[in-house]
Number of protein chains: 2
Amino acid sequence: MATGRTHRPATRSRGIPEATVARLPLYLRALTALSERSVPTVSSEELAAAAGVNSAKLRKDFSYLGSYGTRGVGYDVEYLVYQISRELGLTQDWPVVIVGIGNLGAALANYGGFASRGFRVAALIDADPAMAGKPVAGIPVQHTDELEKIIQDEGVSIGVIATPAGAAQQVCERLVAAGVTSILNFAPTVLSVPDGVDVRKVDLSIELQILAFHEQRKAGELAAGAVVPAAASRQETAAVRRGAAAGREPAADQGPDGDVPAVMPT
Amino acid sequence: MATGRTHRPATRSRGIPEATVARLPLYLRALTALSERSVPTVSSEELAAAAGVNSAKLRKDFSYLGSYGTRGVGYDVEYLVYQISRELGLTQDWPVVIVGIGNLGAALANYGGFASRGFRVAALIDADPAMAGKPVAGIPVQHTDELEKIIQDEGVSIGVIATPAGAAQQVCERLVAAGVTSILNFAPTVLSVPDGVDVRKVDLSIELQILAFHEQRKAGELAAGAVVPAAASRQETAAVRRGAAAGREPAADQGPDGDVPAVMPT
DNA sequence: CCATCTTTGTGCACGCGTTCACAAAGGCAT
DNA sequence: ATGCCTTTGTGAACGCGTGCACAAAGATGG
């Protein structure tokens, strides 16, 4: 039982660095937008700007996939879209199950970005019997009892966990036992999975906490009268107005975090 | 106009490496759980296991904050909770606005992890006049017209964007102009922000695409008969059963990805 | 008070990722 | 055909992050 690595250790999968893989979807999105505007070719400089990265980085990233550009001209948009899609495995159909149809699960089920990239929501699963049969995003919710059957029948290998934190590990184990080998985890917990199973986690509250850290740092620099990059000085009063709430009892909170209700209030 | 860096370049903020900052919330969560169970002290080994990281890494991370441990014993849980909270700026109250109350926005508003960590949802904002006044998670939705006023009145410096992709940049600019200096972006777009503004992005479809890449790789290795780490071999048939859909026309998709409706269908 | 045992804190080395800078390559105009 | 101009692809250097391994520190028992 390897304890929840967030993603692949440092093993460079078939020569493509992990960092590059993480950027490919970014390039793909920018390229798709260009494709829709019928732009035939694009330079590394332009594409990099659209994707929000350095052009040298982009060229090096593409060099791992092969030499798909033409010197003096740039990259053929359509061709590159195809190559990246293929590399990411997006030319095949990936059935996905979403477990935990609360607010977040419903949001995911309705999310357009899934369907538009080769992902198909094969099933929505929730532990609440009252949810069973209710359609969410046009798909009827099924009960947890069906989990194993669905995964095997549909050949699902990717599962999304959007349950409360307390249920996540258990759901994870059932998913893995049924044959799922990739998990996207939205529950604020560290998942334990066997070797060979990939887990990626998305944690809303962690992202906010990181922002808070930098925000505090900015405020601190401001208070210390340090040199500050122009635009940030509109903000003087806000930091002061913010009331300190030091000495909060962590235990006084409303239960373990991420305890979203399993049913979506309409 | 610096084009959307995802987070801080590589500038190590006040000596604390960015990678460490990103892990602090993880430690904090594990520590809070221990605190609730009234565990007085914890060793780096135990805490590391709970947080899903290497114990050496954890010790090094803590060493950036100062020497808060006792050799031969471990770390005092309560004290460490306080120190990390303080370092992350969680001992103060951070008012946050959420813009775009669709499925995702509603999910975020209901998310318990916000309130339980010093973050307070100061306002919910949506462009749809029909939403105005409707309570979501007990907070009445306000119209976009009020955005600037709310931010200034409440001293908001952190904004969450959960709008469709098309509206994100515009919303972002209004937020920044009104004084917001940290943005959590859920829209699948690269945001352009001035220097001094931090942007972090959470992209559901990107995470899935990364999983798909690794999944495809596993399937490939399997087909090639390569040596595979034990547990993954339950899965033989699924990869084969999955139908290939190669040659999809990218342009045939349903518009730019992430075009979720701005209004939440009840 | 001393010996032993546990656990921290960190110096060091290594590898991945990023960036610079430039040679090679190809289009295009003349 | 030839020379110029643009843009790719990549070798090399650098810096950050990770993990190892161990010395220093302190608690604990006798």
Side-chain angles (χ1 to χ4, degrees), chain A residues 2-3 5-24 26-27 31 34 39-77 79-80 83-84 210, chain B residues 2-3 5-24 26-27 31 34 39-77 79-80 83-84 210:
Chain A
T3 283
R5 289 158 302 140
T6 299
H7 47 288
R8 207 118 280 262
T11 332
R12 149 178 318 205
S13 328
R14 175 161 135 238
I16 300 182
E18 190 58 30
T20 295
V21 173
R23 278 188 296 268
L24 289 182
L26 231 57
Y27 302 144
L31 284 165
L34 290 173
V39 178
T41 62
V42 64
S43 74
S44 66
E45 203 69 51
E46 293 169 309
L47 185 54
V53 301
N54 188 303
S55 75
K57 198 186 296 189
L58 178 142
R59 285 199 301 277
K60 179 143 288 193
D61 282 344
F62 285 175
S63 81
Y64 291 116
L65 309 186
S67 296
Y68 296 144
T70 310
R71 297 173 190 232
V73 175
Y75 299 91
D76 182 279
V77 172
Y79 187 55
L80 203 47
Q83 287 299 339
I84 295 180
I210 296 173
Chain B
T3 283
R5 289 158 303 139
T6 298
H7 47 288
R8 208 119 282 263
T11 332
R12 144 179 322 204
S13 329
R14 175 161 135 240
I16 300 182
E18 191 59 30
T20 295
V21 173
R23 278 188 297 267
L24 289 182
L26 231 56
Y27 302 144
L31 284 165
L34 291 173
V39 178
T41 61
V42 65
S43 73
S44 66
E45 204 69 50
E46 294 168 310
L47 184 54
V53 301
N54 189 303
S55 76
K57 200 187 297 190
L58 178 142
R59 286 200 300 276
K60 181 147 290 194
D61 282 343
F62 286 175
S63 81
Y64 291 117
L65 310 185
S67 296
Y68 296 143
T70 310
R71 298 174 190 232
V73 176
Y75 300 90
D76 182 277
V77 172
Y79 186 55
L80 203 47
Q83 288 299 341
I84 295 179
I210 296 173

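Throughout, protein chains are lettered first and strands after them, A, B, ... in sequence-line order, and every chain is numbered starting at 1.
The phosphate of dT19(C) (OP1 or OP2) has a side-chain N or O of N54(A) nearer than 4.0 angstrom. Taking side-chain N and O atoms only, R59(A) has no distance below 4.0 Å to OP1 or OP2 of dT18(C). Under 4.0 angstrom from either OP1 or OP2 of dG9(C) there lies at least one side-chain N or O belonging to Y75(B). Between K57(B) and dG19(D), a side-chain N or O to OP1/OP2 separation shorter than 4.0 Å is present. OP1 or OP2 of dT8(C) lies within a sub-4.0 Å distance of a side-chain N or O belonging to S44(B).
Straight-line distance from the OH atom of Y64(B) to the C1' atom of dG11(C): 12 Å, rounded to whole Å. Counting to the nearest Å, the C1' atom of dT10(C) and the CG atom of D61(B) are 13 Å from each other. E46(B) has its CD atom 8 Å from the P atom of dT7(C), to the nearest Å. The separation between R71(A) atom CZ and dG27(C) atom P is 12 Å, rounded to whole Å. Taking atom OH on Y68(A) and atom C1' on dA25(C), their separation rounds to 19 Å, with Å as the unit. Put simply, CG on L65(A) is 14 Å from C1' on dT8(D), counting in whole angstrom units. What separates CG of L58(A) from P of dG17(C) is a distance of 16 Å, to the nearest Å. Atom CD of E18(A) and atom P of dC16(D) are 22 Å apart (whole Å).
Residues T20(A) and S43(B) both approach DNA chain C. Their nearest nucleotides, taken by heavy-atom distance, put S43(B) toward the 5′ side. Nearer to the 5' terminus of DNA chain C, by closest-nucleotide assignment, is the contact made by E45(B) (compared with the other of E45(B) and G72(A)).
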Test side-chain contact (heavy atoms from CB on, under 4.5 Å) applied to L58(A) and R23(A), step by step:
CA-CA 9 Å; L58(A) 178 142; R23(A) 278 188 296 268; over 6 Å; no
Could you give me the CA-CA distance, side-chain angles and deciding distance for F62(A) and Y68(A), then say whether side-chain contact (heavy atoms from CB on, under 4.5 Å) is met?
CA-CA 8 Å; F62(A) 285 175; Y68(A) 296 144; over 6 Å; no
Evaluate the criterion side-chain contact (heavy atoms from CB on, under 4.5 Å) for residue pair Y75(B) and E46(B); output intermediate values, then yes/no.
CA-CA 10 Å; Y75(B) 300 90; E46(B) 294 168 310; over 6 Å; no
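Judged by atom type and distance alone, K60(A) reaches the base of dT19(C) through a side-chain donor-acceptor pair under 3.5 Å.
L24(A) has its side chain within reach of L65(A): a pair of non-hydrogen atoms, C-beta onward, lies under 4.5 Å apart. Considering only heavy atoms from C-beta on, E18(A) comes within 4.5 Å of I210(B) through its side chain.
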